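Everything below concerns the one structure shown next.
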Amino acid sequence: MPYDHLQIEAKWQEYWRVNKTFRAEDAGDKPKRYVLDMFPYPSGDGLHVGHPEGYTATDIISRYYRMKGFNVLHPMGWDSFGLPAENYAVKTGTHPRTTTEKNINNFRRQLQMFGFSYDWEREIATTDPGYYRWTQWLFTKIYEKGLAYEAEAAVNWCPELGTVLANEEVIDGLSEVGGHPVIRKPMRQWMLRITNYAERLLADLEDLDWPEHVKELQRNWIGRSEGAEVDFIIDGHDEKLRVFTTRPDTLFGATYMVLSPEHPSVSRIATAAQREAVAEYCRAAARKSDRDRGIAKEKTGCFTGAFAINPVNDERIPIWVADYVMMGYGTGAIMAVPAHDQRDWEFAREFDLPIIQVISGGDIEREAWSGDGELINSGLLDGLNVVDSIAKISGWLSERGLGEAKVQYKLRDWLFSRQRYWGEPFPLLHLEDGTVRALGEDELPLLLPEVESYKPSGTGDSPLTTIPEWIEVDDPVSGQRAKRESNTMPQWAGSCWYYLRFIDPDNDVAAWDAEKEKYWLPVDFYIGGLEHAVLHLLYARFWHKVFFDLGLVSTNEPFARYRNIGMILGEDGEKMSKSRGNVVNPDDVVRDFGADSLRLFLMFLGPLDRDKPWNMKGIEGIHRFLARAWRLFFDEENNLLPAVQDVQPDDETLRIMHRCIHEVSEMMVDQRFNTAISQMMIFVNEMSKRDVRAQSALEAFLLLLAPFAPHFCEEIWQALGHAESLSYTRWPVADTSWLEEDMVTVVVQVNGKLRDRFDVPVDADAEKVKEQALAGGKLQPFLEGKTVRKVIYVPGKLVNIVAN
RNA sequence: GCCGGAGUGGUGGAAUUGGUAGACACAAAGGACUUAAAAUCCUUCGGUCCUUUGGGCCAUGCGGGUUCAAGUCCCGCCUCCGGUACCA
């Protein structure tokens, strides 16, 4: 009978709960550590076995820090607004609140079953009015700072379903549900000016302790590029056309211009002869779904009949409309340089437009040349290279007021509203006089009203518009009639600041207390999945910087250190999903093998940041390891073995113990938990062979294992006579003098190939070792007929004899 | 296309600065214990060849290079995964 994981795990979870073992104090002498998970959306499916991977990692880190003497904040909560509960409500009429509560209860039960050391007194849910009151308040701060504005923006409108879809509900231009076409429909939206922060969001990545590739994802998303804006006069019009280009050096090669179909100048400049064709082209472009836009690579376009004047050489060049130019980037207009831009080259070929080479190199008969070269056909730039001519022409343009240096970002402003029910209502009133009033702190929370139906209104507006008594109000402050904002906030809103609420979850006079914020922030350790590496982390950083500017927080960045967690794949190596039928239910695993086995196994599978396939046999193996460790202490009847003795450990035991302490401690520093577990396995294998097992060595091992398998270790710790939980017992320290061996094996290579080996004292003289190596009998066949040219000795490791 | 990441035994993975490739496990095979099975314990376990208590050769996706020495560094490819995509 191995150890009884069910009984032990239940016992210690109860002990930790009753004793509030993991309660975090908001002050004190100890240094602090804030260790954070990405809080989950509580879905109806419950956890699958991949969820606890990251949570186990942060739990190990939290428990380790406690044993290292830190005051640890390790909280958990629920990102509980979200589409699935609303879709379920549309189908069944069940209030999303009801579904959400039920799912939260299930998630909480499952998370508690793993024995995670959360301070459950800090649990929060974004759907709780006590929480979203402050989400709304924070929005009003952002609004008052001028960072929120209304705009017409295109949404994913599905005429068939009569609803607006989230991006993730649109797959290849069709609705995920039913496969209906989705088109772009402009609707009034709230936008946040994240672009105002683009430069800081980019620059401040520099100092963050984040994986380089995650920073790179964010950099690419922000997409900074340096260039110039240049004005072109439209021939015969009192209007200028401004373009953005990263290559002002190619200005002399601009042979035509292109406007995006949405560009406001299009209708004004089209000539009478071309007006009808242009209008038709623009209509066709507007009808195109995202799917068509994405797939169509062949260039289409339409001549407007108008001409622009190239400011550098006064050439008259035609102005076209084409959908390969996007309104959302730069100015929505470009100067086309077909000789040096592949897209322009293809367009010019398609419509027989002139191609003038201005930089030598390449073969522009075959493709555009985008490399460096000598400027030609370029007047004042002739003879210069690309870099120098960019500098020269930029100066030339700005002196004459024709253009200016400009930094452009791919990052767009953040579309911050949803036409949904289950989200935070905007705390805004649209007054009769056309102004907007943000509700004051004393008017919050603005509660979600009860509705008859969760179905979309059919116009694309949220179901809230169907409740006139909620929408239409008399505003006591202004004395005017007013309409409430009917959009709700996206799920990102709640998750943008939850780490701040955890530091002060019950505060009902402020979102958080300033002193607590100074104590706990920034988050020292944040772990989550790659799927949130761009948007969530960027949005939260944006809000945090706004809070910083408002004096609400004391740090410039929220997450000092971030690590990425890989995915647990199904046994077939594919992503776990219900449809594939490869989902592993953690309830079953915990019942059969225990939470400690599951935790250990998830960590043993491989490095944290890699995707790893689940393996049922593997968890049996790790369970066997725990059973073998159990038998170091107990006999078949679970009585303490006589072999466990309170004696001074012998030298060999000390060597094994200190090596294990040393290796595991090293691996804790950079979270190489898989190899740390290997080291502990080696310890158990060694100790199993011994008839006398010094208790002090076994106790050191228990402390090392405790962050990984806490219930198991607490149980044995208690059986060894300790009255207190080991959660705050000091992490053992290795005496490195026990790591040094007296004798080491030196291997002998001839021309890099292993031929011999022998033992020498660790401090052996280099010359003596070389001599001994050369004298080895095994070497002779390989040295025969050769001259020894060189002998290299790597102390304590190897001798390499170079001979030919 | 562009930007990231990864390719090591039958499998998951080790090898921290270039220095004994395959730690630790899983699976498999054989053995011990047992009436039997499970559990446990022991042994073998990259490929190939030979004159087989031993030893040779090959081997970290492929091809080159640097080095006394390369899984590790450099150059050129291939495959897979993720992100992104007419971003001017």
Side-chain angles (χ1 to χ4, degrees), chain A residues 1-2 211-217 219-221 223 225 227 243-247 250 258 260 293-294 296-299 322-326 328-337 340-344 346-347 408-412 530-531 533-534 564 566-567 569 573 575 601 604-607 609-622 624-625 627-628 631 636 666-667 669-670 672 674-682 684-685 688 745-757 778 781-782 789-804:
Chain A
M1 176 75 187
E212 201 46 49
H213 73 273
V214 174
K215 291 190 194 181
E216 201 56 32
L217 280 176
R219 286 190 196 109
N220 290 344
W221 191 262
S225 60
V243 301
F244 172 73
T245 177
T246 54
R247 296 290 304 275
T250 62
V258 185
S260 148
R293 282 200 174 194
K297 288 289 177 199
E298 64 281 5
K299 299 282 181 292
D323 67 0
Y324 81 93
V325 173
M326 306 289 134
Y329 184 78
T331 61
I334 62 160
M335 63 173 205
V337 185
H340 305 291
D341 181 288
Q342 188 59 25
R343 296 156 299 184
D344 297 343
E346 286 163 15
F347 190 84
Q408 194 61 239
Y409 301 92
K410 274 198 260 185
L411 183 70
R412 313 285 169 82
L530 197 58
E531 68 273 22
V534 178
N564 210 78
M567 246 187 313
L569 307 171
K575 199 171 163 175
F601 180 58
F604 186 62
L605 270 175
D609 57 353
R610 286 245 279 267
D611 292 349
K612 298 153 289 233
W614 175 262
N615 179 334
M616 263 309 168
K617 289 289 183 189
I619 188 148
E620 288 173 25
I622 213 85
R624 274 203 291 275
F625 159 66
R628 209 158 57 241
R631 289 197 301 272
E636 294 292 301
E666 291 273 293
M667 290 158 183
V669 173
D670 44 5
R672 286 180 294 137
N674 54 331
T675 48
I677 294 167
S678 295
Q679 287 301 323
M680 292 189 275
M681 287 174 166
I682 291 169
V684 170
N685 291 345
S688 298
T745 301
V746 169
V747 300
V748 185
Q749 299 177 337
V750 176
N751 294 330
K753 291 204 160 146
L754 183 68
R755 298 301 179 195
D756 197 6
R757 65 177 71 216
K778 289 181 183 167
F782 302 101
R789 302 287 175 192
K790 204 170 171 189
V791 180
I792 293 146
Y793 177 49
V794 182
K797 294 235 159 158
L798 62 76
V799 176
N800 191 13
I801 298 162
V802 186
N804 60 8

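Here the structure is a predicted model, which means the values were calculated and not measured.
As judged by a 4.0 angstrom heavy-atom cut-off over every strand, A/Ile792 is placed among the base-contacting residues. Among the protein residues, A/Asn685 comes within range of the sugar-phosphate backbone only, with heavy atoms under 4.0 Å from sugar or phosphate atoms but none that close to a base. Residue A/Tyr409 is classed as having no contact, given no heavy-atom separation below 4.0 Å to the nucleic acid. Residue A/Leu217 is classed as a sugar-phosphate contact, given heavy-atom separations below 4.0 Å to backbone atoms only. At the heavy-atom level, A/Arg412 lies under 4.0 Å from base atoms of the strands shown. Within 4.0 Å (heavy atoms only), A/Asn674 reaches sugar-phosphate atoms of the nucleic acid but no base atom. Residue-level contact check: A/Arg219 touches neither bases nor backbone, having no heavy atom under 4.0 Å from any strand. Contacts of A/Gly621 with the nucleic acid, taken as non-hydrogen atoms under 4.0 Å apart, involve only primed sugar atoms and P, OP1 or OP2. Using a 4.0 Å heavy-atom distance criterion, A/Lys410 is classed as a base contact. Residue A/Asn800 is in base contact, counting any heavy-atom pair closer than 4.0 Å across all strands shown. Using a 4.0 Å heavy-atom criterion, one finds that A/Val746 contacts no nucleic acid atom at all. Residue contacts for A/Val802: at a heavy-atom cut-off of 4.0 Å it reaches the sugar-phosphate backbone alone, with no base atom in range.
Nucleotide B/rG63 is matched to B/rC75 when pairs are restricted to Watson-Crick or G-U wobble geometry with both distances under 3.5 angstrom. B/rG4 is paired with B/rC81 under the criterion used here, namely a Watson-Crick or G-U wobble arrangement in which both key atom distances are under 3.5 Å. Judged by Watson-Crick or G-U wobble contacts below 3.5 Å, the nucleotide B/rA69 has no partner. Under the Watson-Crick or G-U wobble criterion, with both distances below 3.5 Å, B/rG9 has no partner in any strand shown. The partner of B/rA39 is absent, by the rule that a Watson-Crick or G-U pair needs both atom distances under 3.5 Å. In this structure, B/rU51 makes no Watson-Crick or G-U wobble pair, since no nucleotide meets both defining distances under 3.5 angstrom. Nucleotide B/rA27: unpaired (no Watson-Crick or G-U wobble partner with both distances less than 3.5 Å). Summarising the base pairing, B/rG18 is matched to no nucleotide, lacking a Watson-Crick or G-U wobble pair whose two defining distances lie under 3.5 Å.
Annotation: of the two residues near RNA chain B, A/Glu666 and A/Gly606, the 5′-most nearest-nucleotide partner is A/Gly606. In terms of position along RNA chain B, the nucleotide closest to A/Thr745 lies nearer the 5' end than the nucleotide closest to the other residue of the pair A/Thr745 and A/Gln408.
Applying the salt bridge (Lys or Arg N to Asp or Glu O under 4.0 Å) test to every pair with at least one member in residues 789-804 of chain A, sequence neighbours left out, gives no pairs at all.
For B/rC50 and B/rU40, the C1' atoms lie 40 Å apart once the distance is rounded to whole Å. Only the P atoms considered, B/rG12 is 26 Å distant from B/rG4, to the nearest whole Å. Nucleotides B/rG19 and B/rA32, compared at atom C1', are 42 Å apart to the nearest Å. Taking atom P on both nucleotides, B/rU44 is separated from B/rA69 by 34 Å, rounded to a whole Å. Rounded to a whole angstrom, the distance from the P atom of B/rA70 to that of B/rG82 is 35 Å. The separation of B/rC33 from B/rU43, taken at their C1' atoms, amounts to 15 Å, rounded to a whole angstrom. Of the P atoms belonging to B/rA37 and B/rU51, the separation is 40 Å, rounded to the nearest Å. Spacing of P atoms, B/rG71 relative to B/rC3, comes out at 28 Å, to the nearest Å.
Checking B/rC86, B/rA23, B/rU40 against the side-chain heavy atoms of A/Ile682 singles out B/rA23 as nearest. Looking at the side chain of A/Leu605, the nearest of the listed nucleotides B/rU40, B/rG12, B/rA23 is B/rG12. If you check B/rA88, B/rC41, B/rA27 against the side chain of A/Lys617, the one that comes closest is B/rA27. Here the side chain of A/Leu754 is nearest to one of B/rU20, B/rA15, B/rC86, namely B/rU20.
Atom C1' of nucleotide B/rU84 and atom NE2 of A/His213 are separated by 15 Å, given to the nearest angstrom. The interatomic distance linking A/Met681 (CE) with B/rA14 (P) rounds to 14 Å, in whole Å. The distance from atom CD1 of A/Ile677 to atom P of B/rA14 is 12 Å, rounded to the nearest whole Å.
In this structure, A/Phe601 and A/Trp614 have perpendicular ring planes: the angle between them is above 60°, well past the 30° mark.
Contact check, A/Lys612 against B/rA25: no side-chain N or O comes under 4.0 Å of OP1 or OP2. The phosphate of B/rA27 (OP1 or OP2) has a side-chain N or O of A/Arg624 nearer than 4.0 angstrom. Within the structure, a side-chain polar atom (N or O) of A/Arg631 is placed less than 4.0 Å from OP1 or OP2 of B/rC41. In terms of phosphate contacts, A/Arg672 brings a side-chain nitrogen or oxygen within less than 4.0 Å of OP1 or OP2 of B/rA15. Listed pair A/Arg755 / B/rG56 meets the phosphate criterion, a side-chain N or O lying under 4.0 Å from OP1 or OP2.
Nucleotide B/rG9 carries a syn base; the chi torsion (O4'-C1'-N9-C4 or O4'-C1'-N1-C2) is within 90° of 0. Base orientation for B/rU52: syn, the chi torsion being within 90° of 0.
Both tests hold for A/Lys299 against A/Tyr324: distance to the six-membered ring centre under 6.0 Å, angle to the ring axis within 45°.
Looking only at side-chain heavy atoms (C-beta outward), A/Met335 and A/Thr250 come within less than 4.5 Å of each other.
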